[in-house]
Structure formats: structure tokens, C-alpha cells
Amino acid sequence: MPYCEVDRYQNGDKWEGVRLFYRRYGRGATKVLLIIGLAGTHDSWGPQIRGLTGSMEPADGGDQPAARTDEEAGAPADPAAAPATETVEEDVGEGIEVCCFDNRGVGRSSILPHKSYYSTAIMARDALALMDHLGWKKAHVFGHSMGAMISCKLAAMAPHRLSSLALLNVTGGGMECFPKVDGQMLSLAFRFLRARTPEQRALVDLETHYTKEYLDEEVESCTRRAILYKEYVKGISSTGMQSNCGFEGQINACWTHKVTTKELDTIRAAGFLVSVIHGRHDIIAQVCHARRLAQRLLPVARMVDLHGAHLVSHERPEEVNNALMDLIKATKSAVTPYEWSSQPENTSETGALISARPVTFTIRTGEAGSAAVAVYNLLAKLQLSFLYVIGLIVMGFEHMRNIVRVMKPVRVAAIES
């Protein structure tokens, strides 16, 4: 199996290596690195792997050196030997080669024991080390959710290594990671924390990742919900439930993530094009945050607004794949940032994408205008904080009510003879 050692950490009195499990698909001069999100594994990129390469057959077989494929021997990867694997592949034509991997803390990659070993910056360095391991000088970097946060950090950290950047269902991290607060979300959060089996986890994941109308669609003799439920249970059972250490570490990476103004300036100045792709019905990463990020990345960014939820990459694979291919083609054609971000708006609700420059407003009222903007931003932050506190109170109330219900003595009626 292909592994890459990306880092080392201290575990007690000894240092242990951090290994990433990865897969490659397709062959070609165009390189694409896919970075998955919270609790996801490389398998989650299935629709995009198929759409970009035309195949789901891994290309990791014969061209991998023994030190990186002999999993049973437990031999660590040799980063120094990695560039040699790519020397015969630089001129293989106009095809696309894709690499996807399990982030630290999930799947077959290393599970680090403390949340301090997880941050989007650390995981961006993981991705950069994997590119070095593969011998990739540049790549189109596409990230989903937490993976998009990691991609932003990677773009700011090493902009010269990116050909383009696609951010799927992304937020700016921190409080923006807090989902929409309503009855549905509180129920999902409670059920997620109580999930102990693949079956329980699958039920929660489906409602979190897809729109209800998509799940209720009839496919042959049953609903899509029933089909996906079986696939989710099978997938979770084969890879195992994510460990508490890994989940808490990745959550910490999301909550501590922040893209600074300087980092955004670096991304804008790098010259590559950016696509911000989002499902407008996402209840985890709200679309307003994605629009704000796209606006802050003007003029290099284009907003692609699709009819879908958090896994819009699965729910609308054709539209997402078209958006990704458009980004690759525009990069090859040397499309200018202003040409890229100033496409006409399409407001169709049928699933067609919206590719448009976000609307900006210029306030010309001097200090009064600046004060109004400051007050508006403050109120927005207070609203998020208020919703967060309300959510915690409601969850606490429900928890206490359940405790009281369990502790309440049961009345047993006498049985008449």
C-alpha cells in the first residue's frame, strides 16, 4: 500500500513517524491533489476521481517502490526516493493524474494522540510533503470542507506550487464552522454524539450531507436514501469508526483555522485562478461564509453556487466536475482573473451553476460609513455568539430532561387477580 512519511512526533520518550495513506488515479501531465474534509477518507472523492480521470482503477501498483508498497513489512516511506517515481511520467500526454489521501487522524493514516498535533497549517504541510514525495512541482489543489481550509493554508504557504485552487463547501473557520442553529441541527448533533455503530452514524451522515429531496428521489424500486444507507454502512464498517483522538484533533483544526488578510493577499497576488463551489442548502458550512470568502479573493475568484447540500460533490457530481474542469482549462488557456470572475449570472434553481462576480458595495460617506460597517460587523458576530449560546442552553436542557426522566421512579400498578 502507498504511504508517505510526512512528519515525526514525540510519543513519550520516543519519536514516531506520521504516515499518510494515499492513492493515485489516471496518468497525465496535469496533476490534481484532492484534500478531503472532517472525518472523511480518500474514498469520498469517488465522483471527482471518475469525472477527472475516467477511471476508478488506482495507478499505485507497479510504479511504486517496494519501500512504499509493502504494508505488511511496516517499512516507512522513503521521501528521498520519491522524485524518481515521477521522472518517466512528465511527458505522458494531456491526461490528468489525481492523488487523494487520508488526512492525519482518519482512515489508514496515522492517528496522533493529542489535538495539538492537528491544525490546518500542520495538515497543509502534510499535503506539501506528499507533493514532494510524489515529485510534483505544481498541482491543481481541490479541497472540500476542512480540506478546503487546509487548501487555503497550502495556497498561502506555497503559492508557487499551485496551478489553481478549488474550495468546495468552505468557511473561514472558527465561529464560521458553527452550523445553522435550528431543531434539525440540534437533533443531528445529539444523534451524532450518541452514534456508536456504523448504522447509527450512517443515518446521521445522510441527513447531514444531502438535501431531503435528493434522498427521497426514487431510484428503480427504492429511494436513494435506502441505497446510500447501505453504501454508508458498508464504507464505515470497512474503514472503522473514526477514533476519538482523530475526531477531536480534526475538530480542533477547524475551530482554530483562520485565513489572515496577509494570507488572502498572498493568494490573490499568486496569479492562479480560484473557484469557490458550494451547495446553497448546506447546513454545516453556510453558503454566506463561502460567498464572503469568494468576495475577499476577488478578482481571482469565481463563486459557483449549486443546488445541493454539504456533499454537493456527490449530489451534483456532473456540475461540480464541470466546474473543476473549467478551472483546469482556464488555467491552461491563461484566462485572466478579471475574465474568470466576471461571468454572467445564472439564477436557475434546477442545479445549474451560478458563476458570477460577487456583488460589492462602496460606501462613500466617510467616517459615518466606516462606523456603520463596524457596527454591522459587530452585530453579526454578536448574533453568531448568541446563537451558539442558545444552542448550548437548548442541548443542556435536553440533557438534563433526559437525566430527570431516567431517574424518575416508575409507578407499578397493582395487578388484579
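Worth saying up front: this structure is predicted, and the values here are computed from it rather than measured. We're numbering straight along the sequence, starting at 1.
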(request) Given salt bridge (Lys or Arg N to Asp or Glu O under 4.0 Å), test Arg108 with Asp102 step by step and report yes or no. (result) CA-CA 7 Å; Arg108 303 186 215 182; Asp102 296 344; 5.2 Å; no
Test item: [X] and [Y] side chains (from C-beta on) under 4.5 Å apart, heavy atoms:
X      : Y      : result
Ile227 : Cys222 : yes
Leu52  : Met325 : yes
Val233 : Lys230 : no
Arg194 : Gln200 : no
Leu154 : Leu162 : yes
Ile284 : Asn169 : no
Lys258 : Glu176 : no
Val98  : Gln48  : no

(message) With side-chain contact (heavy atoms from CB on, under 4.5 Å) as the criterion, how do His289 and Met175 come out once you've worked through the C-alpha distance, each side chain's angles and the decisive distance to 0.1 Å?
(response) CA-CA 10 Å; His289 302 313; Met175 284 299 294; over 6 Å; no
(message) Tell me which one of Phe101, Tyr22, Phe21 satisfies ring pair (Phe, Tyr, Trp, His ring centres under 6.0 Å) with Tyr3.
(response)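 Answer to the ring pair (Phe, Tyr, Trp, His ring centres under 6.0 Å) test with Tyr3 among Phe101, Tyr22, Phe21: Phe21.
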Between the main-chain N or O of [Y] and the side-chain N or O of [X], is there a donor-acceptor pair closer than 3.5 Å?
X      : Y      : value
His42  : Leu34  : no
Asn103 : Ile36  : yes
Ser109 : Gly105 : no
Lys31  : Gly28  : yes
Arg268 : Arg296 : yes
Arg302 : Trp340 : yes
Arg24  : Pro58  : no
Tyr118 : Leu112 : yes
Ser55  : Glu57  : yes

(message) Under the salt bridge (charged side-chain N to carboxylate O under 4.0 Å, His left out) test against Glu94, which residue among Lys332, Lys329, Arg27 passes?
(response)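 So, applying the salt bridge (charged side-chain N to carboxylate O under 4.0 Å, His left out) to Glu94 and each of Lys332, Lys329, Arg27, only Lys332 qualifies.
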Just how far is it from atom [atom1] of [X] to atom [atom2] of [Y], taken to the nearest 0.5 Å?
X      : Y      : atom1 : atom2 : answer
Ile96  : Ile328 : CD1   : CD1   : 4.0 Å
Leu306 : Arg280 : CG    : CZ    : 7.0 Å
Asp43  : Cys100 : CG    : SG    : 7.5 Å
Thr331 : Asp326 : OG1   : CG    : 10.5 Å
Asp132 : Cys4   : CG    : SG    : 8.5 Å
Ser163 : Leu327 : OG    : CG    : 9.5 Å

(message) Between His278 and Asp305, does the side-chain contact (heavy atoms from CB on, under 4.5 Å) criterion hold? Intermediate values first, please.
(response) CA-CA 5 Å; His278 212 94; Asp305 183 348; 5.7 Å; no
Restricting to non-hydrogen atoms, name the atom on [X] and the atom on [Y] that form the minimum distance, rounded to 0.1 Å.
X      : Y      : result
Cys245 : Pro113 : SG-O, 3.8 Å
Val106 : Gly40  : CG1-O, 3.4 Å
Arg23  : Pro2   : NH1-CD, 3.9 Å
Gly17  : Tyr9   : O-CE2, 4.3 Å

Tell me whether [X] is salt-bridged to [Y], with the criterion being a basic N under 4.0 Å from an acidic carboxylate O.
X      : Y      : value
Asp126 : Arg104 : yes
Glu248 : Lys115 : no
Lys153 : Glu263 : yes

(request) Over 60° means perpendicular and under 30° means parallel, so classify the ring planes of Tyr210 and Tyr214, tilted if in between. (result)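 It falls in the parallel class, under 30°.
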(message) Assess the residue pair Gln250 and Gln242 against the criterion (side-chain contact (heavy atoms from CB on, under 4.5 Å)); give the C-alpha distance rounded to whole Å, side-chain angles, the decisive distance to 0.1 Å, and a yes or no.
(response) CA-CA 11 Å; Gln250 291 191 350; Gln242 186 180 18; 3.4 Å; yes
(request) Return the set of residues passing side chain to side chain donor-acceptor pair (under 3.5 Å) with Ser145 (not counting sequence neighbours), or none when no residue passes. (result)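 Only His310 meet the side chain to side chain donor-acceptor pair (under 3.5 Å) criterion with Ser145.
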(request) Consider only side-chain N and O atoms of Glu213 and His307, and report whether a donor and an acceptor are under 3.5 Å apart. (result)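 Looking only at side-chain atoms, His307 and Glu213 do form a donor-acceptor pair, the distance falling under 3.5 Å.
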(request) Verify the distance criterion only: is there a donor paired with an acceptor across the side chains of His209 and Tyr232 at less than 3.5 Å? (result)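 Their side chains do contain a donor-acceptor pair, which is all the 3.5 Å distance test asks for.
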(message) Looking at Glu318, I want to see if its CD is surrounded by more than 12 non-hydrogen atoms of other residues, nucleotides or ligands under 6.0 Å.
(response)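 Atom CD in Glu318 is not packed in, count stays at 12 or less.
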(message) Apply side-chain contact (heavy atoms from CB on, under 4.5 Å) to residues Met56 and Ile49 and explain how you reach the verdict.
(response) CA-CA 7 Å; Met56 287 298 295; Ile49 294 169; 3.8 Å; yes
(request) Among Leu297, Leu298, Val287, find the residue that satisfies the side chain to side chain contact (heavy atoms under 4.5 Å, CB included) test when tested with Met303. (result)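 Result: among Leu297, Leu298, Val287, Val287 is the only option passing the side chain to side chain contact (heavy atoms under 4.5 Å, CB included) with Met303.
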